[in-house]
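The figures that follow rest on heavy atoms only: side chains count, while hydrogens, waters and symmetry mates do not. Everything quoted here is computed from the prediction, not taken from an experiment.
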Amino acid sequence: MAKTITPDLNGPDHFPFSEAERKWQTRWTQANAFQTPTHAGENKFYCLEMFPYPSGKLHMGHLRNYAIGDVMARYYRMKGYNVLHPMGFDAFGLPAENAAIKNKTHPADWTFNNIDEMVTQQQAIGLSYDWSRKVATCHENYYKWGQYLFLKFWEKGLVYRKEGMLNWCPDCQTVLANEQVVNGVCWRCDSTVELKNMPQWFIKITDYADELLADLDKLTEWPHKVLIMQRNWIGRSEGAEIYFTVAEGDLAGTPIPVFTTRPDTIFGATYMVLAPEHALVEKLIASSPEKAICQAFIKKVASMDKADRTDDTTKKEGVFTGAYAINPVNGHKIPIWIANYVLAEYGTGAIMAVPTHDQRDFEFAKEYHLPMILVIKPENAPFSSADEMSAAWTESGLMVNSGPFDGTPNEEGKKKVTEWMAAKGIGKATVNYRLRDWGISRQRYWGMPIPLIHCETCGTVPVPENELPVQLPRDVEITGEGSPLTRHQGFRYVPCPQCGGPAQRETDTIDTFWDSSWYFLRYIDANNTSAPFDTTLANEWMPVDLYIGGVEHAVLHLLYSRFFTKALRDIGLVQCDEPFKKLVTQGMVTKDGAKMSKSKGNVVDPGEILKKFGADAARLFILFTSPPERDLEWSDEGVVGASRFVDRVYRLIHRYAHAFPKAAPDGNPSEAALTLQRSLHQALAAVTRDIEERMNLNTAIARIMELVNEMYRFVEQGEIASADFPIFKEVCDTVMKMLSPFAPHIADELWERTGRNTLIQEEAWPVFNPDLLVAETMKITVQINGKVRGSAEVPLDADEEAIFAKAQEDPMVTRWLEGKTIRRKIYVKNKLFNIVVS
RNA sequence: GCGAGGGUGGCGGAAUUGGCAGACGCGCUAGACUUAGGAUCUAGUGCCUUGCGGCGUGCGGGUUCGAGUCCCGCCCCUCGUACCA
C-alpha cells in the first residue's frame, strides 16, 4: 500500500480576509517591506501611478489605477529589481476653498484630513508603496522647492508677464476658472461672464514646441492615441507670413500680416478678414461709414461665449469694415471684412481669403457675394473658372492667374512663392503653432505663492532663494470673492528685497499643474531639505519606467511634465529628455454603460467592496474583468466570482498545508503528477509573458485560475500519493508566488500556513523550465479541406509521413477521405495537418 | 468635418506570427449535498438540426489549402478635437 497525504478537511472554507489583511498590512509596515533603497543600482524599475487629488474618498478609478501599478511593482520586486513605487497628493486647488466656505473649515485642515483618510484607504488595499517618500504639494516642504524651480525658470528667461484674457464675473468681482463658467454665466450668481484683459504670468512652453513635437517619436511605449493628441495640441503648421497693407486713409501703408499655409494661392486672395478683436479693427472703422454696423457686430460676437461661437452650427457671419487692403503680390485693392470665423488667438488674427481654395472662404464669399479667382487648376477639372465651382478646390493642381507662377505645380509653388515674396520683402516663411504659452496665474488662495515682489523702483524682483519658502499665510478670510491674499496686509506689503523700499508681493498663486509637473522627481529624494532633489539620484532613477493614469491627462499634465523635464535638463538639474518611458492609460470604470458619477447615481464605493469581499478579491476582480487600457464595466456578480476564486485557492492549499514541511521525494511520481507539473510550467511561462511583455493582467489571472482548476482535478480523490507530493508542493508554491502580486494578503497568509516564516515577496519570481513545457507526444489537428475532422496523437517531432499514417487511423478521417483524391497535404509543424481532397 | 480606437455567445472578455473561434469568469439549466448560503461539488451551456451534419467573429466582396486575424468597398458605436487660415 503506497503512502499518501490526506487533506485536513477541518480547516475554514473561506479565506478570513479581514484578519489576514490586518495582520499582513501590519507586518509589512513593521518590516519596512516596501522601502526603496536610496540608490537605483543596476536594475531599477520606477513604477508610478498618477497621484490623486485628496478629495477624501477613493473611487473605483483609483482602485483600478493602483491595483495595476501594484501588480507591476510587486512583480518587478520579485524579479530582483530595485523598485521605486511611491504615492503622494496633488493637494492644492479649488475644492479645498469651496469646502472651506461651505463647512467653515480651513483649506489646510480639510486637505490634510482628507490625505489621512485616503492613505488609510490606500493601505487597506494592500498597496506596496514606500510611504517614507509621500509628498503633498500643499506642504511647505514641497512648495518651497516648487518656488525654487520657479526662480530657476525665471533666471532662464522662461517666465514673463503680459495681458491675458480671463473670465471675469462683474457681480462677484472675481476671476473665474474655465470650469466655473457654466454656459457662459457665473456658476454662483448667474451673471454673464465677461472676458477681461488682466496682467498674468506666462511660462514660455512655446520655446520648446519643436522639441516637444519631435521627441514624441522617442516615446515608442506611449499609446498612439496620446501621441496624436499631443501632436494636435502642439499643432505645428508650416506656411508663410504675408504683409498686406492698408490701402488708403490715415492708416495707408500700415502692414496687416496674415498667416497662411497656402502661399501658393495668394493671387486668388479677393478679400481679407480680421478677427473682431483684432487690434487694428477699431482704428480701421474709426472714420468708416460702416462704423456703427461694425461696432454692433463686434459687440454681438463678444457677448457670445466661446463654445457657441465655435460651434459648427453657428453660421459664418461678417461685416465689411469700409476699408481696403493691398495684396502685395499684385497690387489689387481688396475689401477688409471682420467675421466670426476668424480667431484672434490663432496665427496673426487676420487671414487672406481665397474662396476658390478654402471651403470656409468659399461659403462666406457666396453668402456675401464677394469675388473669386481660380488660381489652382487640376488636370481634367470639372470647372474652368471660379463661376463654375460648387465648392473650394483644396487638392493639388497647376497654378493659373498667378502672374510669373502660371503653370507651376502648386505644391512646388508654395515654396517658390514664399521665396519670391521673401526676396521682395513682402512675406517670409514661418511656422505657426497652436500651442500657446502657459498662463500660470490664479487669483486664488489655496495654491503655491508665486515668489515675486513688485517694487515701484526696481520693478519685479524675485524673492531671494534663502528667503524661501514664501509661506502661504494661514490667517485668511475666504469668501469666494476676490483673492484672499490681496486682502492679507502682512502678506501683501513687504519691503523690496533689492532696495528695501515699499513693495508688494505677487498675490496670485500658481496653477496646480505646476505642482504636478515635477512631483515624480521629488519622490526620488522626497526628504531633501537643501534641494528639490539630488541630481545624481534623479539621473539614476529617471525616467519613470511605467506611468499609469487616466487618459484625461493626455495633453495638459503629460505635456507640462515633458516640458518641465526638458527645461530642468537645460537648467542642469536632470539629464533625461523625457520623463515617462512607458505610459499606460487605463480605461474608465463604468456601471450600466456610463461613467460612475454621483449625478447618475451609479457609483460603487470601493470601501464597501473591500469590506464585503476583501482587498484581494477586489483587486483580482478589477484586474481580471478587462485589460488595463479598456473601459471596465463594474459588475456586482463579477466580484463574487473573484471572491470564490480566492476561497478556492485558500481551501486547496490550506488542506494540505500540514504536509508541506515534511514533503520529500518518495519514489517515482505518477503520470498525472507529471502532467500537472507540465501545466504548471506552461502556466508560469504564460503568466510571466502576460505581465511583462503585454501587461495583460486579465489573461495572467485567467491562466492561474485554469491551473487551479487543474489542481482540483488532480486532488479529486482527496489523497495525494507521497511520491506525487513534492510535485504538488512545487505547484502550490508557484501558484502562491504567481498570485502574490495580484492578491498579496492570501499569498502571504498561505505562505505562512505552509510553514514559512519569510514574506513571500522576498521570494524570487519563479523561472519556468523549458524542458517541462512539452510532452513526449503531441496532438495534431487533422483537417480535410480546411475543416477539422479529427486528430492524431504522435510522438514529438514526428515527420509528415508518420502523422499522415496516424491520421488515417482516425475513423472520421477515413470516412471523409473515402472516394476522394488527395490533391495536397499541408503540415504546419507541431500544430495542424490539412489534407486537400476533391 | 477631421483624427483615433472598437464591433466576437445572454454578459465581461480569450484567441502571441493567417492554423481546433468562444480560454477564464459571470449568468443560466439539471443534479448532488446541506447546518438553507451570495456555501460547496458534479454535468451541461454559440446557433440550427432527431441524427448525420450544417452555419457562425457588424455587412458585402477578394486573396489563401486555411481568414476574427490580410486586402478592397460599406455600416454602426465610443473617445478626442473642432471654423487652426
Side-chain angles (χ1 to χ4, degrees), chain A residues 13-14 223-229 231-233 235-237 239 258-262 265 272-273 307 309-312 314-316 339-343 345-354 357-361 363-364 432-434 551-552 554-555 587-588 593 612-613 620-621 624-627 629-645 647-648 651 686 689-690 693-694 696 698-709 712 716 779-791 815 823-829 831-837:
Chain A
D13 278 344
H14 303 277
H224 187 226
K225 181 193 172 99
V226 174
L227 296 176
I228 287 182
M229 282 167 79
R231 200 164 280 133
N232 291 342
W233 187 265
R236 182 181 198 271
S237 0
V258 304
F259 173 73
T260 181
T261 54
R262 297 295 306 275
T265 64
M272 79 183 288
V273 187
R309 185 174 161 187
T310 58
D311 192 275
D312 61 0
T314 303
K315 218 178 139 207
K316 289 178 183 44
N340 59 358
Y341 77 96
V342 174
L343 307 174
E345 340 50 286
Y346 187 78
T348 62
I351 62 156
M352 62 176 207
V354 185
H357 306 292
D358 180 284
Q359 188 57 25
R360 290 156 302 173
D361 296 344
E363 286 165 23
F364 193 80
N432 192 61
Y433 295 93
R434 206 191 79 113
V551 74
E552 65 272 18
V555 270
M588 277 188 308
K612 225 162 155 181
F613 300 100
L620 281 168
F621 170 71
F624 171 68
T625 300
S626 235
E629 304 253 2
R630 262 209 244 180
D631 286 354
L632 182 151
E633 170 73 12
W634 180 266
S635 123
D636 290 328
E637 294 81 36
V639 68
V640 176
S643 159
R644 280 207 277 260
F645 172 65
D647 287 342
R648 244 164 100 72
R651 271 197 305 273
R689 195 199 60 226
D690 281 351
E693 288 170 32
R694 312 197 304 162
N696 279 7
N698 54 330
T699 50
I701 294 171
R703 292 306 299 243
I704 302 175
M705 288 176 165
E706 235 177 324
L707 181 62
V708 169
N709 290 344
Y712 264 96
E716 210 168 4
K779 200 184 113 201
I780 301 292
T781 300
V782 179
Q783 292 185 338
I784 292 163
N785 285 351
K787 291 204 187 295
V788 180
R789 298 299 181 193
S791 63
R815 211 189 104 198
R823 299 285 172 202
R824 221 173 134 183
K825 287 179 279 195
I826 291 145
Y827 175 51
V828 183
K829 196 158 191 292
K831 258 185 193 161
L832 175 141
F833 196 84
N834 188 16
I835 305 164
V836 185
V837 299

Need one value for [X]: base, sugar-phosphate or nothing, where a base atom within 4.0 Å counts as base even if backbone is also close, heavy atoms only.
| X | answer |
| --- | --- |
| R703(A) | nothing |
| R815(A) | sugar-phosphate |
| G641(A) | sugar-phosphate |
| Q783(A) | base |

query: If you check the K787(A) side chain, which of rC55(B), rC24(B), rA85(B) turns out closest?
result: rC55(B)
Watson-Crick/G-U partner (both atom distances under 3.5 Å) of [N]:
| N | result |
| --- | --- |
| rU64(B) | none |
| rU45(B) | rG27(B) |
| rA36(B) | none |

So, does [X] get its side chain near the phosphate of [N], meaning an N or O under 4.0 Å from OP1 or OP2?
| X | N | result |
| --- | --- | --- |
| S237(A) | rA85(B) | yes |
| S626(A) | rG12(B) | no |
| R360(A) | rC84(B) | yes |
| K831(A) | rA15(B) | no |
| N709(A) | rA23(B) | no |
| N834(A) | rG19(B) | no |

message: Show the nearest heavy-atom pair for residues Y827(A) and L832(A), with the distance to one decimal.
response: CD1-O, 3.3 Å
Protein-nucleotides 28-35 of chain B N/O pairs under 3.5 Å:
none

field: Syn/anti state of rG62(B) by chi, 90° boundary around 0
entry: anti
field: All side-chain hydrogen bond (donor to acceptor under 3.5 Å, both in side chains) counterparts of T261(A), not counting sequence neighbours
entry: none
query: Do the side chain of D631(A) and the main chain of M588(A) share a donor and acceptor less than 3.5 angstrom apart?
result: yes
message: Does K612(A) contact rG38(B) through a side-chain donor or acceptor facing the base, at a distance under 3.5 Å?
response: yes
- prompt: When you check the side-chain N and O atoms of R824(A) and N834(A), is any donor under 3.5 Å from an acceptor?
  reply: no
Might you list the N or O atoms of the protein lying below 3.5 Å from N or O atoms in nucleotides 40-48 of chain B, with each pair's distance?
from    : atom 1 : to      : atom 2 : distance (Å)
rU40(B) : O3'    : R651(A) : NH2    : 3.4
rC41(B) : OP1    : R648(A) : NH1    : 2.8

